[in-house]
Amino acid sequence: MSDPFTLDDAPPPAVIPSPASGPAPEPPWLTSLNPEQRQAVEVTEGPVLVLSGAGTGKTRVLITRLAYIIGRRLAQPRQILAVTFTNRAAREMRERVAGLVGPMAESLWLGTFHALGVKILRKHGELVGLKSNFTILDTDDQTRLLKQVMEAEGIDHKKWPVQVLLGAIQRWKDKGLTHDRVTSAMAGDLAAGRAVDLYRQYQERLTTLNAADFGDLLLHCLTLFQDHAEVLAEYQDRFKYILVDEYQDTNVAQYLWLRLLCQKHHNLCCVGDDDQSIYSWRGAEVGNILRFEKDFKDPKIIRLERNYRSTPTILAAASHLISHNTDRLGKTLKTAGDANTEPGDPIIIRGVWDGPEEARWVVEEIEAAQSKDQKLASMAILVRAGFQMLEFEERFITTGVPYRVIGGPRFYERMEIRDAIAYLRCIHAPTDDLAFERVVNKPKRGIGEASVQKVHVFAHSAGLSLMEAAFQLCETDELRAQTRKSLGTLITDLARWRSLRETMPPADLAAQVLDESGYTDMWQRDTSPEAPGRLENLKEFVGGLEEWDTIPAFLDHVSLVMENDNQANDDAVTIMTLHAAKGLEFDTVFLPGWEEELFPHRRALDEGGGAALEEERRLAYVGLTRARKKVFASFAANRRIYNQWQASLPSRFIVEFPEDCVEHISDSGLMGSAAPGFSGGWNSGWQTQKTSRAPDIAGDTWQAHKRESAGTYQVGMRIFHQKFGYGVIRAVEDTRLDIAFEKAGQKKVLDSFVEPA
DNA sequence: TATTTTGGTCTTTTT
DNA sequence: GACCAAAATA
């Protein structure tokens, strides 16, 4: 095999780094570091673990370390591997390194685990059964594929949902387990005890399709390294220095991947914070941090504890909150500034009546800050779950305040975009059966399920791809003349477009395909309200394609990045999940929805043990420490979930704030007289709460209400509701009442929210 | 075949 | 209430 890595014309000399070894003046980006940071940069040899609290300059250390290694000529950029968790982090890191060392940064191996895995598999994939143009499946494709396998095996999909099995397979992959290493004990009675076999068949289907799912990107790498020592040796040789960001979020597979790669030079530097481990549900093992000392001999452990980001108040609150966790390495964050730094504003805590009210309040605060010349871009709303975003969006739209949602409904996951991509996939890889299936009757060409099934059966028996099978079937009388004709047209069209791809830029090709296939037409004729939006998205899609020179490059981007990063640089408030916020910082942070069952989330509470709860608390810690100056936390007494109003209690995390760091503010105008439970004002209620542990807000009034309510309400009764006013009960079902309100119309409400009128 | 109706499940968090 | 899948209907 030709060695692609022998191009290094001038291997750098192995210099033992030492600040005193040369008279060269030290650049400012080095001298401005604090002693611990500097150590983390300069100890280049051997394993290094940097335990880095929130806001302690972890990213800066990583970037400086990269620049230092390059600047000292300890290695060429192409001999350095730097791994991040998100594409955003990777992009940012590359930009900032480039700022220090210039265009050399281009040749760094820098990216997410998955992106780097793809890079390796594109080169050596044949050794594990993947051709270099293999497809990367998204969640949707994975589900459909596994579903096909399960259906073929006659597994009852009602009893054993696809998602559950898929989740199990993914977790196995996270642990680095190929199907032959999963024991039946691990599988249990999952999928009627057939889980392991189904896993195997799923992998077989993937191989036939020349496709890999997300977990495979790492798992195949591991297999490759284990079975082909010469390939592993190449990479081990090449990567003189390895840097890992967010190490606390690595899973077992990623850990093994790293361990294999660093075995020659042993220069592995991992940066992480166990208090910010929030991805255990995705297979992340905080244990990787704890194992570091055992698995890598004589590691240097460096703690960064000086926080440069937040005010002392925020820091104190965050530290106090996280100290409720028992399972941690333990570290204290100190403010980095002078001893007499101003403590900063207290954390504002506010209880409101319901979700919309909360949104109203948050946006009011944002507008107030804006009128004091604070940039909207310096403010963020961090939510626990995606559905919370809607209320804020609505409010921003009505008030006209610019906002930006990160990680919302993803562009590339929209139906029309996935269809368009499927066309490109068919053109690029004729064997991509999943894409073909998606496209075959979109727009409607009279090729129904029955015909597709025939193609399927034939393809399977003859060992052909769907497209090839369809082509051959068109030569026979198996299919109806009508079907045969349109199927034939589709296949010739696809072939024609394929022949254009050498000469035509992807954007133009896509435009032509969407046009000639009738796909655009389909939406233009569609009269549903969302059709114009879809056409708009397709336009944007074609526009976005212009950045790409080749289809495969674009397809990789789509499957790995999944987000459209045309981030307008307008001044806008950011809305995102707490998970997405990790690694970012803002002057002002809003933390809405701090209610029991939402945050901490019900699922975390249900799952026994304290582990899940501790992860929720870490999430709270991440949220708090995103703020530089000011934090607003809030909770609503009522929240609508599935069209049901539900009473909720303030999150236990609110109680865990140290009292001298917070300021409770009550809802005067709106709430004052309207809500009995609220009128007393917060402060008094909260004083007693700490000891009694039963928040007064819902305390006596509501609890009593709940108890007495069973049976008190009957059809025909006239009642009063805080939000909807007066009404008459139409139906009673358990604690749910169907009420015809005089003003608000017919609603379903919980009995605890009404009182006899 | 295509469209409508019904019935069941939902919401954590993401590469 | 929204979204999906399967059944019923045109």
Atom P, compared across dT13(B) and dC4(C): separation rounded to whole Å: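 Each nucleotide's P atom is 16 Å from the other's.
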Partner residues of E92(A) under the salt bridge (charged side-chain N to carboxylate O under 4.0 Å, His left out) criterion, sequence neighbours left out: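 Counting only residues at least two positions away or on another chain, E92(A) forms a salt bridge (charged side-chain N to carboxylate O under 4.0 Å, His left out) with R96(A).
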Face-to-face contact F387(A) to dT11(B) six-ring, under 5.5 Å, under 30°: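 So F387(A) does not count as stacking on the base.
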Contacts of type side-chain contact (heavy atoms from CB on, under 4.5 Å), residue L584(A), not counting sequence neighbours: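 Partners of L584(A) by the side-chain contact (heavy atoms from CB on, under 4.5 Å) criterion, ordered by chain and then number, come out as R88(A), M576(A), F586(A).
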Any residue meeting side-chain contact (heavy atoms from CB on, under 4.5 Å) with E394(A), in chain and number order, not counting sequence neighbours: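 Partners of E394(A) under the side-chain contact (heavy atoms from CB on, under 4.5 Å) test: none.
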Under 4.0 angstrom between T86(A) side-chain N/O and dT14(B) OP1 or OP2: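 No, T86(A) has no side-chain N/O under 4.0 Å of OP1/OP2 on dT14(B).
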In whole Å, I'd like the distance from the [atom1] atom of [X] to the [atom2] atom of [N].
X       : N       : atom1 : atom2 : value
I136(A) : dT15(B) : CD1   : P     : 14 Å
R639(A) : dT11(B) : CZ    : C1'   : 13 Å
R603(A) : dC10(B) : CZ    : C1'   : 10 Å
N251(A) : dT15(B) : CG    : C1'   : 10 Å
I406(A) : dT13(B) : CD1   : P     : 15 Å
K173(A) : dT15(B) : NZ    : P     : 18 Å

DNA chain B: stems of at least 3 consecutive Watson-Crick or G-U pairs whose donor-acceptor distances fall under 3.5 Å: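 In DNA chain B, stems of three or more pairs: B:1-10 with C:1-10.
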Contacts of F599(A) that satisfy ring-ring contact (aromatic ring centres under 6.0 Å, His included) - sequence neighbours left out: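 Only W594(A), F653(A) meet the ring-ring contact (aromatic ring centres under 6.0 Å, His included) criterion with F599(A).
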ring-ring contact (aromatic ring centres under 6.0 Å, His included) partners for F541(A), two or more places apart: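 Partners of F541(A) by the ring-ring contact (aromatic ring centres under 6.0 Å, His included) criterion, ordered by chain and then number, come out as F554(A).
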Lys/Arg-Asp/Glu bridge criterion (N-O < 4.0 Å) met for R425(A), D419(A):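 No, this pair does not count.
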Per T112(A) side chain, nearest of listed nucleotides dT15(B), dT14(B), dT11(B):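 Output: dT15(B).
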Residue whose closest nucleotide on DNA chain B lies nearer the 5' end, R282(A) versus P161(A):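 Counting from the 5' end, the first nearest nucleotide belongs to P161(A).
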